[in-house]
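For clarity, every value in this text was computed on a predicted model and none was experimentally measured.
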Amino acid sequence: MSETESVVVQSQENEEKPLSYTEASYKTKGDKSYYYWHGKVSKTVPIGAPQLLESTICEVPSAPVFKNITAYSWLDDGGFVKLYVEFAKLGDPTVELGEVAAEDVLCTFSENGFDLQMLKVRNQDHQLKISRLKEKIDPEKSTFKKLKGKVIVSCKKVDESNKWTSLFAK
């Protein structure tokens, strides 16, 4: 059957009703029709508006939004690479700094970097996350220390003979 031909079916009242292309294909080709399953599926799908079966309200705690730390200094100190982050350079300088609690300073290390998080500094959470350091570090021997006014992150070098001229890997 060509696309221009139309299949017509006579109803019981002798009215001729044109079939859709899907219906015509199914009528002429039977179960070999490309549209074979269209007729099967439409009979099993319930008609009507969708109905809500169940509703549950769950509270999802919001993840902290960190402000990136961009003001820091670093140096190659023999067996360690040290980073210095001063609290005074973080956040809005018009907001009083206040005291930063030791438990609000967190740091995790991996062999390629570290993640320093400083919470509630000038009413904001700050983060310095470096995932591609120039060389590998030893996460077990790397440390961080909160001092008055600053944090020092000490990354233990795996190969102490390498001098770091850059903090980041290329």
Side-chain angles (χ1 to χ4, degrees), residues 21-22 33-170:
Y21 187 76
T22 304
S33 169
Y34 176 80
Y35 302 101
Y36 176 71
W37 282 103
H38 286 266
K40 307 287 183 199
V41 174
S42 64
K43 293 177 184 170
T44 60
V45 176
I47 299 174
Q51 295 179 355
L52 178 64
L53 299 177
E54 182 179 326
S55 177
T56 305
I57 297 174
C58 16
E59 291 187 28
V60 178
S62 62
V65 177
F66 290 102
K67 187 169 181 161
N68 287 333
I69 297 173
T70 57
Y72 59 89
S73 57
W74 71 277
L75 70 94
D76 183 342
D77 191 23
F80 289 88
V81 172
K82 294 186 178 180
L83 284 95
Y84 300 88
V85 179
E86 295 181 34
F87 296 129
K89 294 183 179 179
L90 300 177
D92 184 0
T94 61
V95 177
E96 187 177 332
L97 180 58
E99 185 59 34
V100 178
E103 60 269 5
D104 289 338
V105 179
L106 312 165
C107 192
T108 56
F109 296 92
S110 69
E111 67 178 19
N112 296 318
F114 64 91
D115 182 8
L116 173 66
Q117 297 178 355
M118 302 165 74
L119 310 175
K120 302 178 210 160
V121 177
R122 289 193 168 132
N123 301 325
Q124 290 182 322
D125 296 337
H126 300 271
Q127 180 179 42
L128 174 59
K129 185 172 186 172
I130 299 178
S131 57
R132 293 187 52 198
L133 287 170
K134 179 170 174 55
E135 303 284 339
K136 292 195 182 297
I137 62 171
D138 184 349
E140 299 297 320
K141 295 181 182 172
S142 298
T143 61
F144 71 99
K145 190 184 306 182
K146 183 221 170 262
L147 302 173
K148 185 168 179 67
K150 66 182 167 187
V151 172
I152 301 173
V153 178
S154 300
C155 300
K156 176 70 173 152
K157 294 181 190 177
V158 171
D159 185 0
E160 294 182 17
S161 65
N162 283 349
K163 293 286 182 194
W164 289 26
T165 56
S166 170
L167 188 59
F168 303 103
K170 294 188 185 211

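- Side-chain atoms of Phe87 and Val151, non-hydrogen and from C-beta on, do get closer than 4.5 Å to each other.
- Of all non-hydrogen atoms in Phe109 and Thr143, the two that sit nearest each other are CZ-O, 3.4 Å.
- Residue Asn112 holds its CG atom at 12.0 Å from CD1 of Ile130, rounded to the nearest 0.5 Å.
- Taking the side chain as every heavy atom from C-beta outward, Phe66 and Leu128 never approach each other to under 4.5 Å.
- The two residues Val105 and Phe144 come nearest to each other via the heavy atoms O-CE1, 3.5 Å.
- Here the shortest heavy-atom pairing between Asp138 and Val158 reads N-CG2, 3.8 Å.
- Rounded to the nearest 0.5 angstrom, Lys89 NZ and Ser73 OG are separated by 6.5 Å.
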List the steps and the verdict of side-chain contact (heavy atoms from CB on, under 4.5 Å) for Glu135 and Asp159.
CA-CA 8 Å; Glu135 303 284 339; Asp159 185 0; 5.8 Å; no
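- Atom CD of Glu111 is separated from atom CD of Glu140 by 11.0 Å, given to the nearest 0.5 angstrom.
- Separation of atoms CG (Leu119) and CG (Leu106) is listed at 5.5 Å; rounding is to 0.5 Å.
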Begin with the C-alpha distance, continue with both residues' side-chain angles, and end with the deciding distance and a verdict on side-chain contact (heavy atoms from CB on, under 4.5 Å) for Val121 and Asp104.
CA-CA 9 Å; Val121 177; Asp104 289 338; over 6 Å; no
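- Every pair tested for side chain to side chain donor-acceptor pair (under 3.5 Å) that includes a residue from residues 50-64 fails, sequence neighbours excluded, so the list is empty.
- What you find for Leu133 and Ala169 is that their closest heavy atoms are O-CB, 3.4 Å.
- A donor-acceptor pair under 3.5 Å links the side-chain atoms of Lys157 to the main chain of Gly78, judged by distance alone.
- Here the shortest heavy-atom pairing between Trp74 and Leu167 reads CZ2-N, 3.6 Å.
- Within a 6.0 Å sphere centred on CG of Asn123, other residues, nucleotides and ligands contribute 12 heavy atoms or fewer.
- The neighbour count for Lys156 NZ, taken as heavy atoms of other residues, nucleotides or ligands under 6.0 Å away, is above 12.
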Verdict with supporting geometry, Leu83 and Phe114, side-chain contact (heavy atoms from CB on, under 4.5 Å):
CA-CA 11 Å; Leu83 284 95; Phe114 64 91; 3.8 Å; yes
Please test Val153 against Val85 for side-chain contact (heavy atoms from CB on, under 4.5 Å), starting from the C-alpha separation and ending with a verdict.
CA-CA 8 Å; Val153 178; Val85 179; 5.7 Å; no
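- Between the side chains of Gln117 and Asp125, no donor N or O sits under 3.5 Å from an acceptor N or O.
- The heavy-atom pair separating Asp76 from Asn162 by the smallest distance is OD2-O, 3.9 Å.
- Counting heavy atoms from C-beta outward, Lys170 and Lys134 have side chains that stay 4.5 Å or more apart.
- Going from atom NZ of Lys129 over to atom CG of Asn68 covers 10.5 Å, rounded to the nearest 0.5 Å.
- The closest side-chain heavy-atom distance from Met118 to Val100 is not below 4.5 Å.
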